[in-house]
Amino acid sequence: MKITYYGHASLGIEVGGKHIIVDPFITGNPQAAAINLSTIRADYILLTHAHADHVLDVEAIAKNTNAVIVSNAEIASYYAKKGFNSHPMNHGGSWKFDFGKVKYVNAIHSSSFPDGSYGGNPGGFVIEGEHKNIYIAGDTALTYDMKLIPLRTKLDLVILPIGNNFTMDVEDAIIASDFVECDKVLGYHYDTFGYIEINHEEAIRKFFDKGKDLMLLPIGDSIEL
Ligand code: NI
Ligand code: MN
């Protein structure tokens with residue numbers, strides 16, 4: 001499994017020969033100016049919730065690629081009505097796609113579209129690939145529901161928001177990594193706006209002091225699991 005950081009909460013995942021894009025917000029992020037949207041490949045677009053900083057580039061990517069939009073039922077039907085391919089899910093449910101199994105899990109946040117449409121309830125994704133398993137938390141507070149995840153899935157990587165203000169901060173993310181029983185953490189949802197700027201060295205040191213590994217990838221960089 002290969003994971004590419006496209007800035008903010010945008011990720012590319014290559015697994016099982018398929019390309020997945022998560023929460024594309026690229027053209028609205030000056031820090032991601034080097035990423036060319038038209039070259040992004042996608043068989044699937046996974047959306048954690050409907051906020052603009054997670055869905056801005058969905059339609060452009062879906063038009064380019066014909067990707068299937070996977071999200072909660074309300075977000076999936078919002079895009080289905082516009083003529084896009086979609087797969088509706090809801091909390092606690094999982095589905096075996098051709099690249100692996102996806103489960104939509106709880107997040108504590110909100111989820112309205114930029115135009116005010118109802119975006120259902122926000123979530124995160126547990127992805128079980130052929131060899132590796134990851135949890136993408138989405139925008140969320142620290143929640144005890146995270147303790148349910150390792151009851152079913154042994155994680156190889158957890159992707160957690162760390163920017164504070166709209167989501168967990170670094171300290172809560174450290175506790176979240178305890179809850180999901182995974183010490184390998186990719187941080188996201190930080191630095192994009194003034195409200196969520198963080199001190200990188202301090203964040204990495206705080207995880208290190210608890211025996212955990214926090215990765216903060218330069219935009220465009222990838223890790224291989
Ligand atoms: Ni949000
Ligand atoms: Mn957000």
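Read the numbers this way: they start at 1 and go in the same order the structure lists the ligands and their atoms. Worth knowing before you read on, the calculation uses all heavy atoms, side chains too, and leaves out hydrogens, waters and symmetry mates.
- Distance check for His54 against the Mn ion (ligand 2): an N/O/S atom falls below 2.8 Å.
- Within Asp139, the N, O or S atom at minimum distance from the Mn ion (ligand 2) carries the name OD2.
- In Asp53, the N, O or S atom that comes nearest to the Mn ion (ligand 2) is OD2.
- Using a 30° and 60° split on the angle between ring planes, His189 and Phe193 fall in the perpendicular class, above 60°.
- The aromatic rings of Tyr144 and Phe179 sit perpendicular to each other, their planes meeting at more than 60°, with 30° as the lower class boundary.
- Between Asp139 and Pro122 the shortest side-chain heavy-atom distance does not fall below 4.5 Å.
- For the side-chain hydrogen bond (donor to acceptor under 3.5 Å, both in side chains) test with Thr192, the passing option among Glu197, His8, Gln31 is His8; the others fail.
- With the Ni ion (ligand 1) as the vertex, NE2 of His109 and NE2 of His49 span 100° to the nearest 10°.
- Rounding to the nearest 10°, we obtain 180° for the angle at the Ni ion (ligand 1) between Asp139 OD2 and His51 ND1.
- Residue side and main chain included, His51 places no N/O/S atom under 2.8 Å of the Mn ion (ligand 2).
- Using cut-offs of 30° and 60° on the angle between ring planes, the pair His54 and His49 is tilted.
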